[in-house]
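Structure first, commentary second.
All values reported here derive from a predicted model rather than from experimental measurement.
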Amino acid sequence: MMDIPKTYDPKQAEQRHYARWEELGAFAPETNRDEGAPAYSIVIPPPNVTGSLHMGHALQHTLMDVLSRHKRMCGHRVLWLPGLDHAGISTQKVVSDQLKKEGLSRHDLGREKFIERVWQWRHESGGQITKQMRREGASVDWSRERFTMDEGLSRAVREVFVRLYEQGMIYRGDRIVNWCPTDQTVLSDLEVSKTPQAGKLYYLRYPLKNGNNQGRYVTVATTRPETMLGDTAVAVNPSDERYLDLVGATIELPLAGRLIPVVADEYVDPAFGTGAVKITPAHDPNDYEMGVRHELPQVVVIDVHARMTEAAGAEFNGLDRYKARERVVEKFEELGLLEKVVDYEFSISKCDRCKTVIEPLISTQWFCRMDELRRPALRFLAERKEPRFFPEIPYEKVYTEWLENLRDWTLSRQLWWGHQIPAWYTRDGQVIVARSLEEARAVAGTDDLTQDPDVLDTWFSSALWPFSTLGWPDETDDLKTFYPTSVLVTARDIIFLWVSRMVMTGLKFMDETPFQDVFVTGTIFDKHGQRMSKMKGNGVDPLEVFDKYGVDATRLTLASIGSTDTRWNENQVESYRNFANKIWNAARFSLLNSEGATVGHGFEGERAAWALHDRWIVSRLNQAAQSVNRSLAEYDFYAAVQTLYHFFWDDFCDWYIELSKADVTATEPSPERDAARSRLVTVLEQALRLLHPFMPYITEELWQRLPGAGQHLLHEAYRGAEATIMLTSYPEGSAALIDERAEWEMRAIIDLVSRVRNIRSGINLKPSEAVRVIVGTADDNLRELFGSAKSMAQIARLTRASEISVRESLDGVPRAAARAVLEQGGEVAVPLEGLIDFAQERERLGRERDKLQREAAKLEAQLANPQFAERAPAEKVKEVRDRLNDIAQRAAALQQMMEALG
RNA sequence: GCCCGCUUGGCUCAGUGGUAGAGCACUCGCUUCACACGCGAGGGGUCAAUGGUUCGAAUCCAUUAGCGGGCACCA
């Protein structure tokens, strides 16, 4: 306690406390011994096992940790469950790339060996992530850590798949799908994104066959000429008069030589292009639909590698799709069938992961019908507002609209890493969906089965996360206690991919929404407003920020970001680093003067007998506590941080510590000194508790050093646990301890002190130069307040005054004095013989008076408006009238002062 | 194309009907016995524009502009 450094070193504290908390089991819900404690649970959005944590993760984790620590201190049985996602495509890609460097492909290893290799990587990479989370201070229960490929979760995946299949909601079939030629797998609609593309629109002439149409042609417009080789019709709108006579006619498809019909379909927009559309059912989703409507054949001319097939004709067979495009256009030109080519901007689907242009292909895949799943989700939102979105705008609407327009979900992926689809095929093509090979064999009556080689979309297992992690399908205690979870905290880009699907499966299998609230975090951009990304290399590494400013300061910055989109601003972190240092030094002062002090003491006896600043700080503390609790209940993290920051810095440091100093630093030991010191550490201890969910490390570090801090301070639910601030009770804020009178009185003192300081500063007085302060006020209460020996000593100390005198007015004060009007009534004068520039002083007073008069004029105008008195609430009218009186009084006082200056 | 959000001091952001706020930056003065990552005192904004509703608008409505986001099967 003798040698507390002047500067807080975050690293020290960060290294010590996390390991201890973990050892104590303080993160586990079992630490709570209160049988009746309400449960509070959060499942973490499992980070991809391939990734390292970025600032977005740090943001989410900070918010979840604040909530968890807060609720834990409130005595809830808290479970924050950590885990990782196997991230099918990404992970397979990472490991494949590693193999590539060794000159190998996954096929060289074979499926089994490859998967072994992925597991190996999973352990290395996963360790990095959990290490980072520990650094963040995340109070997750590591004993319940889950991975989406764990046996338990895999079992849940199979169970859900089988049940949905049995109910006809999962089916296998041929459909046109999004195919990524690079990743060699199908993708769901959510895994492709449309990007604008500057391209060309090619106008191709298709000659008509048939007798009387000889020599005529139809022109179609297309962005993908190479697909014409797979055309099986041309469509026009049935109401399009230009083409009325053509419906039913036959076209001789150039290059292919195939005969194809002209069909009529409402889908065609007569206003676009030529009003005639080429139809390629095998390679375009819309054409596919139209093909089904008109029973058109499907000619597959592009394969899974985006190369032309044999069906495209010998001349094109094996060509890359873009090469084929050039060739087709050349050919049309040669044949005189290329009408024109125009520049055209359109959007194109790309694979989210590798940015390859998607090739729509017809393929046999597993799908999930969403209708029955989404209906309850929409109903729960409409009828019960579950889940509740924070912020409600825009996310509730975005979520609803997506659910309303949902289409079937493509479940299968042509990968090796993931949950292999629990479907087996007999030699004669029978499909058996079962929970295990044994079950499948029993059903099939044969051992001669082949399992479907495909795996499930990663998001299929994620969709079950809130209950699969708690032991489902078994009815475990955890499931009963912690489902549904309390809140989900996540980034907005996975509301569809993940949140909505969890809601749907939760309602389907647990009959309850998996979380009451969904808090959507903001997005952190770089300082230019660009999204942070690995590719751009503009990301800020949380670990570097931790190293530079400390975890607590970073957490405070992140907490105040909350749901706001914001540009990363290091200055903010620096200012919170300074705040941490302020806390450190406030504690340092308290500890350097703590002999004889005990936390929890010093506030004995009638409150009315306490000193003003003690009543005041207790009032402020309780106001702050109430406010923080209220803010957290609404997920208003920013407000909570602001409250804590200003309570600690402004109220506690700037005023309370200063006002306590005389008593606390008395050189002679005395019961009074002990009591004052106890009060100081008691308030500090409460403040540290309030700060703890946001700044776990520094608060623990300091709390451990407080005299009298120990097990007896723990929340009763944690009785018997080792002493840690983590398990103390969170100050609720008691209305009974809020003292309006003390706050009014302190405002008067603060105002008086500030006025005198302002005067001192205005004439550049050295701190060492003492002044005389004369207060004049007709208010008995104020005279009593300022005139008490205690107050006079404190005011003198804070204003560096040699003498304070309090009177009924400033009459008789020498002309050479700087004066100011007090907000709560009365005036103050500081005699400054020889130091005062009368003209300058008059000017200063005049400026202040003018300002008041301008405001008074506004208020007068308002009162003069008869409509105002008539229509505004009486309470408001009175408020304005009172304020006007107050301002007028002050302005008059200023006027008098100016006159007194001569 | 449709839908949504944002626009507040130099910067990053709070504020959602009744006196414009914070942090940083800036100016002045301070080695005042916790802290210069500090202390004290200041300056700075017609709240994007226009119109409307209202006794009263940064706040509600409409339009416009700029920025950002989501959705969409227009070849």
Can you see if the side chain of [X] gets near the phosphate of [N] - specifically, an N or O under 4.0 Å from OP1 or OP2?
X        : N     : result
A:Lys876 : B:G18 : no
A:Asn571 : B:A25 : no
A:Lys397 : B:C3  : no
A:Trp649 : B:C39 : yes

- Query: NA contact type, A:Lys661, heavy-atom cut-off 4.0 Å: base, sugar-phosphate, or nothing?
  - Reply: base

- How is A:Glu870 classified with respect to the nucleic acid when contacts are heavy atoms under 4.0 Å: base, sugar-phosphate, or nothing? nothing

- Query: Looking at B:A22, does its base get a donor-acceptor pair with the side chain of A:Gln572 below 3.5 Å?
  - Reply: no

- Side-chain contact check for A:Thr566: nearest option of B:U12, B:G40, B:C30 is B:U12

- Query: Out of B:A34, B:G40, B:U12, which nucleotide sits closest to the side chain of A:Ser761?
  - Reply: B:G40

- Note on the structure: Applying the 3.5 Å cut-off to both distances, the Watson-Crick or G-U partner of B:U7 turns out to be B:A65

- Item | Nucleotide forming a Watson-Crick or wobble pair with B:G45, both distances under 3.5 Å | none

- Item | nucleotides 68-75 of chain B: protein proximity per nucleotide (B base, S sugar-phosphate only, - neither; heavy atom, under 4.0 Å) | ---S-BBB

How many Å lie between [atom1] on [X] and [atom2] on [N], as a whole number?
X        : N     : atom1 : atom2 : answer
A:Leu558 : B:C13 : CG    : P     : 14 Å
A:Glu401 : B:G1  : CD    : P     : 18 Å
A:Asn585 : B:A34 : CG    : P     : 10 Å
A:Phe648 : B:C35 : CZ    : P     : 15 Å
A:Leu556 : B:C24 : CG    : P     : 13 Å
A:Glu570 : B:C24 : CD    : C1'   : 12 Å
A:Ile561 : B:A22 : CD1   : C1'   : 15 Å
A:His646 : B:G15 : NE2   : C1'   : 13 Å

- Identified side chain to side chain contact (heavy atoms under 4.5 Å, CB included) counterpart of A:Lys851 within the set A:Gln853, A:Arg847, A:Arg854, A:Glu848: A:Arg854

- Could you label the plane-to-plane angle of the A:Tyr656 and A:His613 rings as parallel, tilted or perpendicular, counting under 30° as parallel and over 60° as perpendicular? tilted

- Classify the ring geometry between A:Tyr399 and A:Phe389 as parallel (under 30°), tilted (30 to 60°) or perpendicular (over 60°). tilted

Is [Y] paired with [X] through a side-chain N to carboxylate O contact shorter than 4.0 Å?
X        : Y        : answer
A:Asp565 : A:Arg492 : yes
A:Asp526 : A:Arg567 : no
A:Arg577 : A:Glu570 : no
A:Arg800 : A:Glu769 : no

- Considering only the C1' atoms, how many Å lie between B:A34 and B:G15, rounded to the nearest integer? 34 Å

